[in-house]
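Comments concern the structure below.
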Amino acid sequence: MPGPLFNIFPLLDYNLSMTLSSGQAFRWQWCGQGWIGVLGTRWVRLQAREELLTAEVAEPVADWHWLTDYLQLGLNLTEVLRTFPDDEPMRAAVAACRGLRLLRQEPWECLASFILSSTKQIVQIQQIVAVLCERYGEPVAVPSGHPPAWGFPSPARLAAVAEAELRACKMGFRARYLLSTARRVASGECDLSRLGQLPVEHARAELLKLPGVGRKIADCVLLFAYGFQPAFPVDVWVMKALRELYFSRRNVNEKWLHRFAAKHFGPNAGYAQQYLFHYIRTRRLPRKTARATTKAGS
DNA sequence: GCCCAGGTGAAGC
DNA sequence: GCTTCACATGGG
């Protein structure tokens, strides 16, 4: 029996917009009446209002676990926040990021997206991923009147693409890494479906074997696709946050930093990392008008 | 023009 | 071991 074209879920401590636009996933677009995205082979539109989430799909579904699992609707955020260290930086980050959540993404899409993320701004990653999906993804059903949409291209599909064609998607030097990794995943040499059952260190070691995957990208996949909380991705922003908020701007060795993170941020260190990342990145800077005025006046 | 962006791998000391 | 550099591309 086919299900309905929409569903409603209760939302508690959940900032949907912040979560979908916080640089974990790169395919969500605000359309004026909700967030439109593609999960697996399903087009979906999400709208959060007054502690209710409305989800709309293009074709009837009976089982909604693909969505509730992705959004981690069953997670009690209060329990997570309770484990954060009680220090000034974390209090500020939590206050600034009320309702920020971690998603549980499909591993291949997450891995491929973060291979494309290196030294790119989030907006540019979104653009590259969009082109990649449009050119190599399978079309998915959309409600009438909506623009076409595509699934994320499979490892096998990308493995069959020439490097020059990938470069034409604006990904530059990352094309070689994406192609090599797609081949290893497509061949079964790397089995992403197995990693979730391994101890986090083993799963990380497997990811680190892939070309274009270092500690940072490995930790992003461990955290955003598998939910491993000991994973603590350190990018330029998190490094900036840690240096400014915890180390009075001193330079810190990265290996030492990971030991500090594991010790200081507790059992949900990965979650804490996302709060620091979003906090430091969206911190209110001097307004443009104020700067323009200063410039004009000087 | 310049610096920077959810980095990585390889070469040089 | 650690430091430095190339790698594409676009935004501010």
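Order of the sequence lines fixes the chain letters, A, B, ..., with proteins taken first and strands second; residue numbering starts at 1 for each chain.
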Pairs where residues 153-209 of chain A contributes a residue and the test ring pair (Phe, Tyr, Trp, His ring centres under 6.0 Å) is met, not counting sequence neighbours: none
Nearest 0.5 Å, please: how far is NZ in Lys170(A) from CG in Leu132(A)? 14.0 Å
Sidechain-backbone polar pair: Gln105(A) side chain, Gln24(A) backbone, donor-acceptor under 3.5 Å: yes
Within residues 200-225 of chain A, those residues having any heavy atom closer than 4.0 Å to DNA chain B are Leu210(A), Pro211(A), Gly212(A), Val213(A), Gly214(A), Arg215(A), Lys216(A), Ile217(A), Phe224(A)
First locate atom CG of Asp13(A), then atom CD of Glu79(A), and finally report the distance between them rounded to the nearest 0.5 Å. 11.0 Å
The contact string for nucleotides 3-8 of chain C, one letter per nucleotide 5' to 3', using protein heavy atoms under 4.0 Å with B, S and - for base, sugar-phosphate only and none, comes out as ----BB
Scan residues 113-144 of chain A for pairs that pass ring pair (Phe, Tyr, Trp, His ring centres under 6.0 Å), counting only residues two or more places apart or in two chains. Phe26(A)-Phe114(A), Phe114(A)-Phe224(A)
On the ring face of Trp66(A), is Arg42(A) found with NZ or CZ under 6.0 Å from the centre and within 45° of the axis? yes
Which atom pairs, donor and acceptor, lie under 3.5 Å between side-chain atoms of residues 182-191 of chain A and protein residues at least two apart or in another chain?
unit_1: Arg184(A); atom_1: NH1; unit_2: Lys209(A); atom_2: O; d: 3.1
unit_1: Ser187(A); atom_1: OG; unit_2: Arg183(A); atom_2: O; d: 3.3
unit_1: Ser187(A); atom_1: OG; unit_2: Arg184(A); atom_2: O; d: 3.1
unit_1: Ser187(A); atom_1: OG; unit_2: Glu189(A); atom_2: N; d: 3.2
unit_1: Asp191(A); atom_1: OD1; unit_2: Ser193(A); atom_2: N; d: 3.1
unit_1: Asp191(A); atom_1: OD1; unit_2: Ser193(A); atom_2: OG; d: 2.6

Parallel, tilted or perpendicular, judged at 30° and 60°: which one describes the rings of Phe84(A) and Tyr271(A)? tilted
P atoms of dA8(C) and dG1(B), separation to the nearest Å: 22 Å
With rounding to the closest Å, how many angstrom separate the P atoms on dG12(C) and dG6(B)? 11 Å
Nearest whole Å is fine: how far is dG1(C) C1' from Glu254(A) CD? 16 Å
If hydrophobic clusters are built from ILVMFWY residues whose side chains come within less than 4.5 Å, do Val234(A) and Val200(A) share one? yes
Give the first and the last nucleotide of DNA chain B, reading 5' to 3', that has any atom under 4.0 Å from a heavy atom of chain A. dA5(B) to dG9(B)
Is there a donor-acceptor contact under 3.5 Å from the side chain of Arg104(A) to the main chain of Leu71(A)? no
